[in-house]
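Worth knowing before you read on, the calculation uses all heavy atoms, side chains too, and leaves out hydrogens, waters and symmetry mates.
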Amino acid sequence: MTDANESVSYRYAMTDPEFAKWLEAMNAEMQSMRENQVWDLVDLPPNSKIVGSKWVFKKKIDMDGNLHTFKARLVAKGFTQTHWVDYDETFSPVPMIKSIRILFAIAAYYDYEIWQMDVKIAFLKWTLGRRCLYGSA
């Protein structure tokens, strides 16, 4: 569910009265990508196309409904790729429900505590062409 006041695009985020918080979230995302060396700068191979990117913005709220965090993520537009033309494999780190049930059963049997956590930064390593870094978004 989306908050009615939530920014959904870069243009809206930059015109939001709280744009400074969105800008801070964007800077944190870019800093994390730099620190974790998320991409390598390479020349674009012949007959290749660049996968574009866009910013996605979310306001995170706590259990009481209070605004907790502004999050900005730079995401690839993977939907522009064609299977077997631009890529041949995909990976999705999603656990099977059976695995989760087994972990719960083990935790219950041994009386372990189960903790929920929020992953602040999750990323994949990208290989970007030079034109992607200098082109318009």
Side-chain angles (χ1 to χ4, degrees):
M1 192 175 337
T2 303
D3 179 3
N5 297 321
E6 187 169 329
S7 298
V8 293
S9 72
Y10 176 82
R11 180 175 291 156
Y12 289 131
M14 293 300 103
T15 58
D16 188 326
E18 298 180 297
F19 79 94
K21 293 180 181 178
W22 290 122
L23 195 56
E24 183 181 328
M26 291 169 62
N27 286 333
E29 173 80 350
M30 293 304 294
Q31 183 62 30
S32 173
M33 288 184 172
R34 274 188 224 99
E35 289 172 359
N36 291 295
Q37 300 175 351
V38 173
W39 60 74
D40 294 320
L41 185 61
V42 298
D43 290 322
L44 185 65
N47 302 319
S48 298
K49 63 181 180 180
I50 294 174
V51 175
S53 61
K54 73 174 202 167
W55 285 100
V56 176
F57 301 94
K58 294 287 179 190
K59 290 180 181 178
K60 299 293 184 170
I61 56 173
D62 62 16
M63 293 187 320
D64 299 323
N66 300 319
L67 182 59
H68 185 263
T69 309
F70 287 74
K71 288 202 173 192
R73 294 290 176 253
L74 184 62
V75 298
K77 295 180 179 179
F79 59 85
T80 62
Q81 295 179 304
T82 305
H83 194 244
W84 298 115
V85 173
D86 301 315
Y87 68 96
D88 58 1
E89 293 181 298
T90 60
F91 300 93
S92 180
V94 178
M96 294 183 352
I97 191 67
K98 291 179 191 178
S99 303
I100 295 170
R101 286 182 180 146
I102 289 170
L103 289 175
F104 283 156
I106 291 169
Y109 182 81
Y110 289 106
D111 198 28
Y112 291 158
E113 288 185 10
I114 297 175
W115 292 62
Q116 178 185 350
M117 63 179 271
D118 183 25
V119 176
K120 184 175 180 181
I121 301 291
F123 59 88
L124 298 172
K125 184 162 179 141
W126 294 358
T127 301
L128 299 175
R130 288 180 198 228
R131 292 190 306 167
C132 185
L133 293 178
Y134 300 111
S136 60

Minimal non-hydrogen separation, Leu67 against Ile61, with atom names: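 Minimum heavy-atom contact is CA-CG2, 4.1 Å.
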Heavy-atom pair of closest approach, residues Leu74 and Met30: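 Closest pair (atom of Leu74, atom of Met30, distance): CD2-SD, 4.1 Å.
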Please walk me through it: do Phe104 and Ile100 pass side-chain contact (heavy atoms from CB on, under 4.5 Å)? CA-CA 6 Å; Phe104 283 156; Ile100 295 170; 3.6 Å; yes
Rounded to the nearest 0.5 Å, what separation is found between the [atom1] atom of [X] and the [atom2] atom of [Y]?
X     : Y     : atom1 : atom2 : result
Arg34 : Glu29 : CZ    : CD    : 10.5 Å
Met14 : Ser9  : CE    : OG    : 9.5 Å
Thr69 : Lys58 : OG1   : NZ    : 14.0 Å

Report, as yes or no, whether the 6.0 Å neighbourhood of atom CZ on Arg11 holds more than 12 heavy atoms from other residues, nucleotides or ligands.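 Atom CZ in Arg11 is not packed in, count stays at 12 or less.
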Could you list who else is in Ile102's hydrophobic cluster, with ILVMFWY side chains joined at under 4.5 Å, directly or through other members?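 Grouped by the 4.5 Å side-chain rule, Ile106, Tyr109, Tyr110, Tyr112 form the rest of the cluster around Ile102.
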Taking the six-membered ring for Trp, are Phe57 and Tyr10 parallel (under 30°), tilted (30 to 60°) or perpendicular (over 60°)?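 Rings of Phe57 and Tyr10: tilted, as their planes differ by 30° to 60°.
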Expected output: side-chain Asn66 to main-chain Asp62 donor-acceptor under 3.5 Å: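 The answer is no, because no donor-acceptor pair under 3.5 Å joins these two groups.
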Kindly write out the residues that satisfy side-chain contact (heavy atoms from CB on, under 4.5 Å) with Glu24, not counting sequence neighbours, or none if the list is empty.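 Glu24 satisfies side-chain contact (heavy atoms from CB on, under 4.5 Å) with no other residue.
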Can you tell if the side chain of Lys21 reaches within under 4.5 Å of the side chain of Lys59, non-hydrogen atoms only?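 Of all side-chain heavy-atom pairs linking Lys59 with Lys21, none is under 4.5 Å.
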